[in-house]
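Note that the structure is predicted; figures quoted are calculated from it, not measured.
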Amino acid sequence: MFINRHQELAALERMFQSEIAELFVLYGRRRVGKTELLLQFCKNKRSIYFLASQLKERDHLQQLVEIARHVINDPLLQSLAFNDWESALIYFVQQAQEERLVLVLDEFQYLCEDNAALPSLIQRFWDLHGKNSKLLLILCGSQVSFMEREVLAERSPLYGRRTGQLRLMPLSYRYSGYFFSEYPAKEKLIAYGVLGGIPAYLNQFALRSSNYSQRMLEQHIKSELLTPQGYLFDEVNFLLRTELREPRTYASLLHAIAGGATRLNEISQRVGLSPTDVNKYLNVLRELELVKRETRVTERAPQKSKRGLYKIEDNYVKFWFRFVLPNRSLIESGNIDLVYQQMIIPYLSQYMGEIFEGICRQYIRHYWQEKLKVAPKKIGGYWESNLEIDILTENVDGSHWFGECKWWNAPVGENVLNHLIENASKVPNQWQRNPRYILFSANGFTDALKQRAEKEGVFLIEVNDLL
């Protein structure tokens, strides 16, 4: 399946139509859909898509010639061989003098493994030849740290040469749900809570969902996550080894956070490292967007706040460290049903509660125009020792929304609204101007609350509204 990515395709299409030389950098974590995006873009275009692997430069150049023979109608290519990257790039720029040519170098980091000087070589090529042609050169990589350090950073030889860049992000909860058109609404959200917005993971479940049954999601979790041969059983380790030099240390940090340690000192004590060292590791995980640091939305200087809470941002990583890793011995000994029934199901509702908060914030941030009609400037949560507000926003019109998110099996009633109104009176005064109230429920609302909400202008958002 290829779902969404409309803005990304439009950006690439604008570059293609520009008819001037373009050097575009696309990057993002493993499985996020970069390759599929590029293949969709290259359809029906004069394009050469080259996917690198961990081979020697000579092998890469030989493969590149073979691919070019299928795209470029040039008799010379039948006997031509590229001896180095400079000669290859110069040939392609010659082919792009009069007509647009797209050249994609995917998994760029692998090309640099055997030739560390490749970014410098491309810089020299671009300055002397590329920028005066109709070549659209796309450098794509799945090692985020490498691409930011060696391609995009100020010290990179390619700095200042790119004409555009994009870090491809996971899909939103709503677009993730498109993979499961036959699922009931709540199960779409649970699937997102287990897999996050990574298309490759979603597609793995979707491929086996042609005929929906009530236990399909359970079967997928068991076969893909709770089976040693499953596609997602060990994917976290592949991800950490791809990006990080000390995957075991980072795994310990993620395990601690998944186990409930959210403050810096708590994490430090769990993993046995100093707070200073832990902070450095956490910053790396934040850059990879595997971990996030949340502060109260009312904080004036959130970066300096000592009240920050660390949470795992990626749903699949969160689920894996919460349910798969602690039960790995049982899983590998074949006790899959036991793990699912006794280690996951009793705690799944609690797990989804936090996921549901994130989904509701996404809804406000991206889909406010559907019901709320006012755009939020700031959105987050608020907490003190004796109270917690799931959602607090500052809106462009000066109003503030206070929200509660309930992943309950029963309908939400007036008591939740009363509690929210009481808590709203305890936030700083400047955040109490023009208050409005929003309640999110995974299982609807009582009739009494619906009647009151209509009179008082309270927003009630159900699962079908979210989707």
Side-chain angles (χ1 to χ4, degrees), residues 9 11-27 34-142 146-147 150-151 156-158 160-165:
L9 280 173
L12 289 167
E13 194 63 38
R14 285 193 296 271
M15 286 198 151
F16 181 81
Q17 298 295 339
S18 73
E19 289 295 314
I20 62 173
E22 303 275 11
L23 199 168
F24 188 75
V25 179
L26 175 68
Y27 68 110
K34 303 179 298 299
T35 296
E36 192 60 36
L37 172 64
L38 292 172
L39 291 176
Q40 290 288 328
F41 167 68
C42 288
K43 280 183 178 178
N44 304 316
K45 291 182 174 65
R46 187 169 176 255
S47 60
I48 296 171
Y49 171 80
F50 178 70
L51 178 62
S53 52
Q54 291 176 300
L55 297 173
K56 291 290 186 181
E57 181 174 299
R58 180 177 178 180
D59 297 319
H60 278 140
L61 292 170
Q62 182 178 347
Q63 290 179 354
L64 186 58
V65 170
E66 293 172 357
I67 294 171
R69 287 170 184 161
H70 295 285
V71 177
I72 299 175
N73 184 20
D74 181 3
L76 288 176
L77 273 178
Q78 302 306 315
S79 56
L80 187 64
F82 299 139
N83 295 320
D84 50 46
W85 276 106
E86 188 169 17
S87 60
L89 293 170
I90 289 175
Y91 175 82
F92 290 125
V93 86
Q94 290 171 348
Q95 296 298 316
Q97 291 301 308
E98 304 295 331
E99 182 182 358
R100 173 65 95 194
L101 176 65
V102 180
L103 174 60
V104 177
L105 301 180
D106 199 353
E107 298 296 6
F108 183 66
Q109 71 275 2
Y110 291 149
L111 299 180
C112 297
E113 281 183 0
D114 199 49
N115 186 347
L118 186 55
S120 297
L121 190 153
I122 293 177
Q123 174 225 324
R124 184 171 66 248
F125 152 78
W126 194 255
D127 291 345
L128 295 176
H129 309 284
K131 66 181 181 181
N132 298 315
S133 70
K134 293 185 177 182
L135 182 68
L136 170 49
L137 175 61
I138 300 176
L139 306 180
C140 179
S142 60
F146 174 88
M147 296 299 289
E150 302 297 337
V151 180
S156 166
L158 290 171
R161 272 72 182 181
R162 70 183 186 278
T163 56
Q165 72 286 319

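For Glu150, the side-chain hydrogen bond (donor to acceptor under 3.5 Å, both in side chains) partners are Arg155, not counting sequence neighbours. Contacts of Arg58 classified as side-chain contact (heavy atoms from CB on, under 4.5 Å), with partners at least two apart in sequence or in another chain: none. Residues satisfying the side-chain hydrogen bond (donor to acceptor under 3.5 Å, both in side chains) criterion with Ser53, sequence neighbours excluded, are absent altogether. Every side-chain hydrogen bond (donor to acceptor under 3.5 Å, both in side chains) that Glu36 has, sequence neighbours left out, goes to Gln40. Looking at residues two or more places apart in sequence or on another chain, you find no salt bridge (Lys or Arg N to Asp or Glu O under 4.0 Å) involving Glu113.
Under the 4.0 Å criterion applied to side-chain N and carboxylate O atoms, Asp74 and Arg69 are not assigned as salt-bridge partners. The pair Glu86-Arg124 meets the salt-bridge criterion, since a charged nitrogen lies less than 4.0 angstrom from a carboxylate oxygen. Under a 4.0 Å N-O distance rule, the pair Glu13/Lys45 qualifies as a salt bridge.
Side chains of Gln109 and Glu107: a donor-acceptor N/O pair is present below 3.5 angstrom, by distance only. For Ser133 and Gln97, the side-chain atoms include no donor-acceptor pair closer than 3.5 Å. For the residue pair Arg162/Gln165, the side-chain donor-acceptor check at 3.5 Å is satisfied.
Residue pairs meeting the ring-ring contact (aromatic ring centres under 6.0 Å, His included) criterion with at least one partner in residues 92-130, sequence neighbours excluded, are Phe82-Phe92.
In this structure, Glu66 places its CD atom where more than 12 heavy-atom neighbours from other residues, nucleotides or ligands lie under 6.0 Å away.
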